[in-house]
Structures are given as C-alpha cells and as structure tokens.
Amino acid sequence: MSYLNTVENQIEKQFYALGTLNHIKIFGTNDEESLNASIYRVLEIEQRMSAYDPNSDVSGINKCAGRAAFKIHKDTMEVLDRALEIWENSGEAFDITIRPLVELWGIGKKDNFVPCDEDIEATLRLIDSNCLLLDKVNNKASLKYVGQSIDLGGIAKGYAADEVKRILVEFGVENGLINLGGNIVVFGESSERNLFKIGIQNPLSSRGEYIGVLSVTDKTIVTSAVNERFFIKDGVQYHHILSPYTGKPSKMVILSVTAVGESSIIADAITTAIFVLGLSKGMALANKYGVELICITDNLDVLVSEGLREHFNMSIPA
Ligand code: AMP
Ligand code: MG
C-alpha cells in the first residue's frame with residue numbers, strides 16, 4: 001500500500017517494503033511515474049533479497065546450503081559481491097552469513113530470549129563468509145555447509161536507495177529525498193530551494209528527539225542505532241547488530257552511527273560494521289571508503305568527523 005501526497009511541483013509517496021516504512025519525495029516536478037517506477041524497483045529488490053520471502057534468491061541460496069549452487073539475479077550477485085568486499089575490508093566484522101545467529105537470538109521476533117553459551121558457540125561455527133561462493137560466470141551462489149545462511153538486512157536497503165536515485169535521475173528528476181527506513185539519499189535542492197536538513201536522532205530517546213541537524217545535498221546519509229530493534233532482559237539491552245567474533249550483540253559503546261558518503265550500499269554496510277568494530281577501527285574503515293561519520297557514544301558524546309563539522313548543528317541533548 002502506498003500513500004500519495006501532492007502539492008504544487010512536489011510529490012511524495014510512502015510505502016512499506018524491506019521490513020520498514022519508506023518515503024520518496026521529489027521536488028520541482030509532479031512526475032508520479034518516476035515514483036511508481038522507483039517503488040516497483042524497491043519491491044523487486046525485496047523479492048530477490050528478503051530472507052523471509054521463500055521465493056527470494058536469498059532463500060534459494062539458504063535452502064541449498066551444503067548441497068548445491070542456486071541461480072540468482074544480477075542484482076543479488078552485485079550485493080553479495082559488495083558484501084564480501086566489505087567483509088574483507090572490515091576484518092570480517094560485516095558478515096552476511098550472520099543469519100543463523102540472527103535466528104538464534106530472534107531479536108525483534110521473539111521476546112526476552114537470551115541463548116545459552118553452548119548454542120551461541122555452536123552457531124558461531126557456521127558464520128564464515130569464506131563459505132559463500134560466487135560463480136559470476138553462471139550467476140550462481142552457494143554456501144558450503146548445511147545450516148549456513150545469509151541475511152542482507154544490513155546492506156539491501158542501501159542498494160535499494162542507490163537504485164531509487166538512479167531511476168529518478170533517469171526520469172529527469174533533479175531534486176529528491178529518498179528515505180528507505182533510515183537509509184537516506186538526497187540530491188538537488190529541497191523544497192526551500194536549499195540544502196536538505198536531516199535530523200540525527202538521540203538514540204536514548206524513545207520520542208524521536210534530535211541530537212543535531214545535518215545540512216547536506218547530493219549525499220547518502222545512513223544511520224544504524226541500537227534503539228532500532230532490541231529487547232531488555234534482566235536490565236541488559238540486547239540489540240540487533242551481532243558480532244561475528246563473539247556471537248552476541250555488539251557492545252553498547254556506540255549507540256548510533258551515521259555515515260555520510262556517495263554510495264548508500266557502502267554507507268549501509270559500514271554503519272553496521274562499525275558497531276562491531278568499535279570507534280577507532282570503525283573510523284579507519286570509514287576513512288578507507290571516504291565516508292564521513294557522526295557517532296554517538298554511550299555517554300552521549302557526539303563525535304563528528306572533520307569533513308562534516310560545518311554541516312552539522314548540535315542541539316542541546318535532553
Ligand atoms: P543495519 O540496521 O543496517 O545496521 O542492519 C542490521 C541488520 O543486519 C540486522 O537486523 C541483521 O539482519 C543484519 N546483521 C546483524 N549483524 C550483522 C553483521 N555483523 N554483519 C552483517 N549483517 C548483520
Ligand atoms: Mg546497515
């Protein structure tokens with residue numbers, strides 16, 4: 001279902017896909033066709049990459065694990081290839097073979113469930129992107145062992161956001177704001193004929209308060225935060241980014257990471273990896289990809305990388 005909002009020379013659609021609510025807004029035009037084509041593309045990407053759709057490429061690879069290679073679309077191959085590159089460059093912190101752990105913890109699905117150490121240990125043995133083999137000649141992918149499975153939840157929204165921008169530009173749209181569940185791409189000018197103002201949320205507030213505002217254009221802005229999906233058991237918060245090193249949710253030293261760069265797929269994977277890597281290694285990874293960062297730590301320190309300082313305005317935290 002999508003919701004449509006049109007004012008003169010400005011049009012917006014809101015729709016549900018990739019497990020989240022999405023908005024696409026364009027300025028200086030009322031070209032609804034460009035929005036429809038963009039939404040169609042996001043739904044197509046979801047169909048190919050969702051771990052919950054039994055007919056997706058991801059489910060095909062997972063079902064064939066340890067037995068056979070599965071034929072996949074070019075899109076999926078591109079995302080898998082990028083995921084493996086970032087896995088290598090992140091010291092294996094970003095690992096899409098994380099799915100058995102995602103299922104074991106069931107964060108966002110089951111309530112208050114902390115697995116025992118034996119189960120974590122056993123599941124951790126399945127997590128290894130060395131076992132994801134891509135056959136680019138025949139467009140097939142396979143996992144080496146039964147029980148292994150992949151999850152593109154940390155990267156697919158970024159790919160989709162890049163694709164929406166590509167399609168809008170192909171349609172001749174010059175100004176737009178794409179928000180796929182926190183994966184934002186802005187280009188051209190906002191409705192005020194200016195830079196886009198993107199609020200960065202306070203990860204400790206449940207009321208969506210901003211800790212500051214970023215003014216940018218022609219960039220992607222991607223935020224991952226511990227308050228996106230989590231549960232609390234015996235006073236401990238367990239969130240949705242899992243460490244392939246420990247098999248547990250990454251330590252709550254960083255509460256929120258925003259990456260600002262050119263490519264949304266890279267910014268998406270990097271923000272996820274930084275939770276696992278921690279601040280200093282995370283910043284090194286961002287540097288390597290030319291991505292700027294805003295990191296909010298557990299004591300609400302807001303670290304803003306050099307290139308963003310004149311674009312970021314702090315509000316006083318609550
Ligand atoms: P994001 O919100 O982009 O940070 O992605 C979080 C999602 O990525 C989780 O809900 C999992 O589906 C998946 N995920 C969790 N931990 C990892 C990890 N270490 N590497 C890759 N994907 C992960
Ligand atoms: Mg991500």
Quiz prompt | Nearest heavy-atom neighbours spanning Ser190 and Leu195 | solution = OG-O, 3.5 Å

Exercise. Could I get the full list of side chain to side chain contact (heavy atoms under 4.5 Å, CB included) partners for Gln47, not counting sequence neighbours?
Key: Asp53

Exercise. Measure from the side-chain N and O atoms of Asp218 to the backbone N and O of Gly188, and report whether any donor-acceptor pair falls under 3.5 Å.
Key: yes

Quiz prompt | Close side-chain approach of Lys233 and Tyr238, heavy atoms under 4.5 Å | solution = yes

Self-check item: Asn175 side-chain N/O to Gly28 backbone N/O, donor-acceptor pair under 3.5 Å
Solution: no

Exercise. Tell me, please, which residues at least two apart from Asp81 pass salt bridge (Lys or Arg N to Asp or Glu O under 4.0 Å).
Key: Lys136

Quiz: residues 139-148 side-chain donor-acceptor pairs under 3.5 angstrom, not counting sequence neighbours:
residue: Gln148; atom: OE1; partner: Lys144; partner atom: N; Å: 3.4
residue: Gln148; atom: OE1; partner: Tyr145; partner atom: N; Å: 3.0
residue: Gln148; atom: NE2; partner: Leu126; partner atom: O; Å: 2.8

Practice problem: Check whether any side-chain heavy atom of Ile150 lies under 4.5 Å from a side-chain heavy atom of Leu80, and answer yes or no. | Solution: yes

Quiz item: For residues 251-260, which residue pairs qualify under salt bridge (charged side-chain N to carboxylate O under 4.0 Å, His left out), counting only residues two or more places apart or in two chains?
Solution: none

Quiz item: Taking all atoms of both residues into account, what is the closest heavy-atom pair of Leu285 and Asn89, and its distance?
Solution: CD1-O, 3.3 Å

Practice problem: May I have the step-by-step check of side chain to side chain contact (heavy atoms under 4.5 Å, CB included) for Gln237 and Val226, ending in yes or no? | Solution: CA-CA 9 Å; Gln237 181 169 334; Val226 292; 4.1 Å; yes

Quiz item: If you take all heavy atoms of Phe70 and Ser56, which pair is closest and at what distance?
Solution: CE2-O, 4.4 Å

Quiz item: Taking only residues two or more places apart in sequence, or in another chain, which ones meet Arg82 in a salt bridge (Lys or Arg N to Asp or Glu O under 4.0 Å)?
Solution: Glu85

Quiz item: With sequence neighbours excluded, what pairs up with Ser149 under the side chain to side chain contact (heavy atoms under 4.5 Å, CB included) test?
Solution: Asn62, Arg99, Pro100, Glu103

Quiz item: Counting only N and O atoms by type, is there a donor-acceptor contact under 3.5 Å from the side chain of Glu46 to the main-chain atoms of Leu18?
Solution: yes

Exercise. For the residue pair Val257 and Thr223, establish whether any side-chain heavy-atom pair is separated by less than 4.5 Å.
Key: no

Quiz item: Same cluster or not: are Tyr159 and Met77 linked, directly or through other Ile, Leu, Val, Met, Phe, Trp or Tyr residues, by side-chain heavy atoms under 4.5 angstrom apart?
Solution: yes

Quiz item: Can you hop from Ile274 to Leu303 via hydrophobic side chains spaced under 4.5 Å?
Solution: yes

Self-check item: Non-hydrogen atoms of Thr220 and Ile184 that approach each other most closely
Solution: OG1-O, 2.7 Å

Quiz item: Is there a side chain to side chain contact (heavy atoms under 4.5 Å, CB included) between Leu242 and Lys248 once you walk through the steps?
Solution: CA-CA 5 Å; Leu242 300 162; Lys248 297 177 181 171; 5.9 Å; no

Quiz prompt | Tyr16 side chain to Gly19 backbone, donor-acceptor under 3.5 Å | solution = yes

Exercise. Rounded to the nearest 0.5 Å, what's the gap from NZ on Lys25 to CD1 on Ile178? Could you check?
Key: 13.5 Å

Practice problem: Decide whether Thr297 and Asn299 meet the rule of one side-chain donor and one side-chain acceptor closer than 3.5 Å. | Solution: yes

Quiz item: Okay, side chain of Ser59, backbone of Asn55: is any donor-acceptor separation there less than 3.5 Å?
Solution: no

Quiz prompt | ILVMFWY network linking Val222 to Ile198, side-chain heavy atoms under 4.5 angstrom | solution = no

Self-check item: His73 side chain to Asp75 backbone, donor-acceptor under 3.5 Å
Solution: no

Practice problem: Check side chain to side chain contact (heavy atoms under 4.5 Å, CB included) between Leu204 and all other residues, then give those that pass, not counting sequence neighbours. | Solution: Asn202, Leu255, Leu300

Practice problem: Spell out, yes or no, whether Val253 and Met283 are grouped together once hydrophobic residues are joined by side-chain heavy atoms under 4.5 Å, including indirect joins. | Solution: no

Quiz item: Would you say the ring centroid of Phe27 lies under 6.0 angstrom from that of Phe196?
Solution: yes

Self-check item: Nearest-0.5 Å distance that lies between atom CD1 in Ile98 and atom OG1 in Thr123
Solution: 10.5 Å

Quiz item: Just checking, any donor-acceptor pair under 3.5 angstrom between side chains of Ser129 and Asp95?
Solution: yes

Quiz item: Under a 4.5 Å side-chain heavy-atom rule over Ile, Leu, Val, Met, Phe, Trp and Tyr, are Val304 and Met314 clustered together?
Solution: yes

Quiz item: So Phe312 and Val260, side chain to side chain contact (heavy atoms under 4.5 Å, CB included) or not? Walk me through it.
Solution: CA-CA 11 Å; Phe312 185 67; Val260 180; over 6 Å; no

Self-check item: Residues Lys157, Asp268: salt bridge by 4.0 Å N-O rule
Solution: no

Quiz prompt | Counterpart residues, side chain to side chain donor-acceptor pair (under 3.5 Å), relative to Glu262 (two or more places apart) | solution = Lys219

Practice problem: Kindly state each residue pair satisfying salt bridge (charged side-chain N to carboxylate O under 4.0 Å, His left out) with at least one member in residues 280-293, sequence neighbours excluded. | Solution: none

Quiz item: Would you find a donor on one side and an acceptor on the other, under 3.5 Å apart, between the side chain of Ser243 and the backbone of Gly247?
Solution: no

Quiz item: Which distance, rounded to the nearest 0.5 Å, do you find between the CD1 of Ile86 and the CD1 of Ile266?
Solution: 5.5 Å

Quiz prompt | Flag, side chain of His239 to backbone of Ser250, donor-acceptor distance under 3.5 Å | solution = yes

Pairs under 3.5 angstrom only: tabulate donor-acceptor contacts from the side chains of residues 163-174 to other protein residues two or more places apart or in another chain.
residue: Glu163; atom: OE1; partner: Arg41; partner atom: NE; Å: 2.9
residue: Glu163; atom: OE1; partner: Arg41; partner atom: NH2; Å: 2.9
residue: Glu163; atom: OE1; partner: Arg166; partner atom: NE; Å: 3.4
residue: Glu163; atom: OE1; partner: Arg166; partner atom: NH2; Å: 2.8
residue: Glu163; atom: OE2; partner: Arg166; partner atom: NE; Å: 3.2
residue: Arg166; atom: NH1; partner: Glu170; partner atom: OE2; Å: 2.7

Practice problem: List for me each residue that meets side chain to side chain donor-acceptor pair (under 3.5 Å) alongside Ser215, sequence neighbours excluded, and say none if there are none. | Solution: none

Quiz prompt | Flag side-chain contact, heavy atom, 4.5 Å: Asn22 against Asn179 | solution = no

Quiz item: Is there side-chain contact between Ile270 and Tyr289, with heavy atoms separated by less than 4.5 Å?
Solution: yes

Quiz item: What residues form a salt bridge (Lys or Arg N to Asp or Glu O under 4.0 Å) with Glu310, not counting sequence neighbours?
Solution: none

Exercise. Take Glu78 and Lys74, measure what salt bridge (charged side-chain N to carboxylate O under 4.0 Å, His left out) needs, and give me the verdict at the end.
Key: CA-CA 6 Å; Glu78 196 180 326; Lys74 246 178 63 225; over 6 Å; no

Quiz item: Do the side chain of Thr271 and the main chain of Ala259 share a donor and acceptor less than 3.5 angstrom apart?
Solution: no

Self-check item: Side-chain touch Ile61/Ile72, heavy atoms, less than 4.5 angstrom
Solution: yes

Quiz item: If you take all heavy atoms of Asp162 and Ser264, which pair is closest and at what distance?
Solution: OD1-N, 2.8 Å

Self-check item: Side-chain donor-acceptor contact under 3.5 Å, Lys13 with Asn36
Solution: yes

Quiz item: Are the side chain of Asn30 and the backbone N or O of Gln10 linked by a donor-acceptor pair below 3.5 Å?
Solution: yes

Self-check item: Ile24 to Ser38 - nearest heavy-atom pair and separation
Solution: CD1-CB, 3.8 Å

